[in-house]
Amino acid sequence: MQNHQKTDLYQPETIAHSLAILAELGSRGAVMAGGTWIMRAPLRNEALAQAYVTIARIPELHQVVVNDTHVTIGSGVTHAQLARDLQAVPQLGGLMAAAGDSANPAVRQAATVGGNLCAVGFSAADIVPALLCQDAEVELETLEGGRRRMGLAAFLKNWDTLRPTSLLLHVLVPRRHAISAHARLPLRKAGDYPVAIVSVSVERRQDGSIGNAAVGIGSVEAAVRRWSSLEEAISGLPFNSPLIQQYASDRASEFVGREGPEVPGWYRVHVLPALVRRAFEKLQKH
Ligand SMILES: Cc1cc2nc3c(=O)[nH]c(=O)nc-3n(C[C@H](O)[C@H](O)[C@H](O)COP(=O)(O)OP(=O)(O)OC[C@H]3O[C@@H](n4cnc5c(N)ncnc54)[C@H](O)[C@@H]3O)c2cc1C
């Protein structure tokens, strides 16, 4: 016989009210955004929370605001909305592709930016490596601690201890003269999840060479991370995709691919250099 657990759903209309409910629920509660990660908890053998606090009715969390210094993305913005709203921001072509190519059209209408950053253990998140390349910051709030900002890398490292009473509010991306691209390898047997992801952001120097390279790698290891040795090695090189692929091949052994039922770990590492090349080919079209 199946054990059906009762789950409460709260639908506050302000950030303050959400925080008050989360504080009262403590470890019994959690935020719900698009629900596309939460709904698969049983498949991961994870328990559902006893109560969820949805952010669907808080308008402030569903906006993308572009000004001269930053692009501010509400945590409740869906992948589909992000892909639409970033069309006018060439610097964020990589983030736009990360949002617009992820999963499938139905999931993109529901899944949110906040859910992508807050889903603990989600190695194949597309938006995370694209934002890591942009040196993004996040803004979060708790009832007792108030509002604060931190770098995305620090947030990802500490999020497991900050939840469940924290609410992620916004992601802030600084504007700069960079170009970016996103390449991913989906495999039919991996469902709609990519087996490896490469996100890149670079500046084009006046002499035509690569400056300030940022390379984010997702789905290869358990945690998404920047590939700093490759970033250093390719700074100053010409935009020559086969050459950059060679630099990536020379350094790919720095990764230990995560094992999974869909592909073995070595395969994720094996495809990385070709994905790096593809990302740079996309950049050259800018
Ligand atoms: C079959 C399938 C394939 C998919 N493939 C991909 C893919 O290839 N790439 C990709 O990027 N995504 C993919 N997704 C979507 C993925 O689930 C979402 O990108 C994301 O990880 C979850 O977003 P969500 O809004 O649904 O979050 P939810 O499921 O609502 O929440 C996820 C977690 O984040 C927490 N949370 C959410 N919002 C906040 C907040 N504002 N503050 C604090 N905590 C919060 C929740 O408590 C929960 O722990 C796929 C989904 C499905 C179902």
Side-chain angles (χ1 to χ4, degrees), residues 7 9-10 12 15 18-19 21-23 25 27-44 46-58 60-62 73-83 94-132 138-143 147 155-156 158-171 182-197 199 216 218-219 224 262:
T7 306
L9 182 68
Y10 295 85
I15 291 170
S18 316
L19 293 171
I21 300 169
L22 285 168
L25 289 169
S27 59
R28 289 180 294 121
V31 176
M32 172 164 313
T36 64
W37 178 257
I38 290 171
M39 73 175 179
R40 292 169 71 94
L43 297 178
R44 298 188 298 270
E46 290 172 11
L48 288 167
Q50 289 175 30
Y52 285 102
V53 182
T54 171
I55 58 166
R57 296 189 176 179
I58 306 175
E60 184 188 332
L61 302 182
H62 296 270
I73 304 164
S75 61
V77 168
T78 64
H79 292 213
Q81 182 189 347
L82 188 62
L95 181 57
M96 187 178 86
D101 296 344
S102 65
N104 59 56
V107 167
R108 291 198 291 272
Q109 294 292 339
T112 65
V113 173
N116 210 258
L117 271 53
C118 296
V120 174
F122 184 26
S123 313
D126 273 279
I127 289 176
V128 176
L131 283 172
L132 273 179
V138 297
E139 186 179 50
L140 57 154
E141 187 165 348
T142 56
L143 191 65
R147 225 171 249 218
F155 168 80
L156 293 171
N158 294 306
W159 173 240
D160 207 11
T161 52
L162 294 168
R163 61 177 192 147
T165 54
S166 300
L167 185 61
L168 176 65
L169 303 178
H170 300 107
V171 180
H182 189 80
R184 63 204 295 278
L185 181 68
L187 265 197
R188 189 172 292 243
K189 66 177 174 176
D192 286 311
Y193 297 103
V195 300
I197 303 170
S199 236
S219 204
V224 178
E262 57 300 347

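Just so you know, ligand 1 is whichever comes first in the structure, and atom 1 is the first atom listed for that ligand. Starting from 1, each residue takes its place in the sequence as its number.
Ser166 OG to Leu143 CG: the interatomic distance, rounded to the nearest 0.5 Å, is 11.0 Å. To the nearest 0.5 Å, the span separating CD1 on Ile55 from CG on Leu167 amounts to 6.5 Å. Here Leu140 contributes atom CG and Cys118 contributes atom SG; the two are 8.5 Å apart, rounded to the nearest 0.5 Å. Put simply, CD on Glu141 and OG on Ser18 are 9.5 Å apart, with the number rounded to the nearest 0.5 Å. Taken from CG in Leu19 to CG in Leu169, the straight-line distance is 7.0 Å, to the nearest 0.5 Å. Atom CE of Met96 is separated from atom CD1 of Ile127 by 12.5 Å, given to the nearest 0.5 angstrom.
Between atom 11 (O) of ligand 1 and the options Asn116, Val138, Leu140, the minimum heavy-atom separation is to Asn116. Looking at Ile38, Ile197, Thr54 and measuring to atom 48 (C) of ligand 1, the nearest heavy atom belongs to Ile38.
If you number the atoms of ligand 1 from 1 as listed, the ones under 4.0 Å from a heavy atom of Arg184 come out as 7 (C), 8 (O). Of all the atoms in ligand 1, the ones that sit under 4.0 Å from a non-hydrogen atom of Gly34 are 24 (P), 25 (O), 26 (O), 27 (O), 30 (O). Listed by number with element, the atoms of ligand 1 under 4.0 Å from a non-hydrogen atom of Trp159 are 43 (C), 44 (N). Near Ser75, with a cut-off below 4.0 Å to any heavy atom, the atoms of ligand 1 are 41 (N). For ligand 1, the atoms lying closer than 4.0 Å to a non-hydrogen atom of His79 are 11 (O), 12 (N), 19 (O). If you number the atoms of ligand 1 from 1 as listed, the ones under 4.0 Å from a heavy atom of Arg40 come out as 1 (C), 53 (C).
A side-chain donor-acceptor contact under 3.5 Å links Ser219 to the backbone of Pro194. With hydrogens and angles ignored, the 3.5 Å screen pairs a side-chain donor or acceptor of Ser75 with a backbone N or O of Leu168. Judged purely by atom type and a 3.5 angstrom limit, Arg147 has no side-chain atom pairing as donor or acceptor with the backbone of Glu139. Remark: side-chain polar atoms of Gln50 are not paired, donor with acceptor, to backbone N or O of Leu25 under 3.5 angstrom. The main-chain N or O of Val31 is never found under 3.5 Å from a side-chain atom of Arg163 such that the two would form a donor-acceptor pair.
Contact analysis leaves Arg108 out of contact with ligand 1, as no non-hydrogen atom separation drops below 4.0 angstrom. Using a 4.0 Å heavy-atom cutoff, Ser166 is listed among the residues neighbouring ligand 1.
On a distance-only criterion, Ser102 and ligand 1 share no N/O pair closer than 3.5 Å. Ligand 1 has a nitrogen or oxygen under 3.5 angstrom from a nitrogen or oxygen of Thr36. Residue Ala125 places no N or O, backbone or side chain, under 3.5 Å from any N or O of ligand 1. Looking at Thr112 next to ligand 1, an N or O pair under 3.5 Å apart turns up. Of the polar atoms of Met39, none of the N or O atoms is found under 3.5 Å from an N or O of ligand 1, judged by distance alone. On a distance-only criterion, Ala111 and ligand 1 share no N/O pair closer than 3.5 Å.
The side-chain contact (heavy atoms from CB on, under 4.5 Å) with Ile73 is formed by just one residue from the set Val113, Leu61, Thr112; it is Val113.
Closest heavy-atom contact between His79 and Ser102: ND1-OG, 2.8 Å. Taking both residues in full, the closest heavy atoms of Thr36 and Ala110 are given as CG2-CB, 4.0 Å, listed atom of the first, atom of the second, then distance.
Residue, atom and distance of the protein heavy atom nearest to atom 47 (O) of ligand 1 are Val31 O, 2.5 Å. The protein heavy atom nearest to atom 9 (N) of ligand 1 is Asp126 OD2, 2.7 Å. The closest protein non-hydrogen atom to atom 27 (O) of ligand 1 is Gly115 CA, 3.4 Å. If you check which protein heavy atom lies closest to atom 28 (P) of ligand 1, you get Gly35 N, 3.4 Å. Regarding atom 38 (N) of ligand 1, its nearest protein heavy-atom neighbour is Ala33 CB, 3.6 Å. Scanning the protein for heavy atoms near atom 4 (C) of ligand 1, the closest one is Tyr193 CE2, 3.3 Å. Of the protein's non-hydrogen atoms, the one nearest atom 34 (O) of ligand 1 is Cys118 CB, 3.3 Å. Among protein heavy atoms, the minimum distance from atom 41 (N) of ligand 1 is reached at Leu168 O, 3.1 Å.
Here Phe122 has side-chain heavy atoms under 4.0 Å from ligand 1, and that is the only part of it that gets that close. At a heavy-atom distance under 4.0 Å, only backbone atoms of Ala124 (N, CA, C or O) approach ligand 1.
A salt bridge between Arg184 and Asp126 is present, with a side-chain N of the basic residue lying under 4.0 Å from a carboxylate O of the acidic one.
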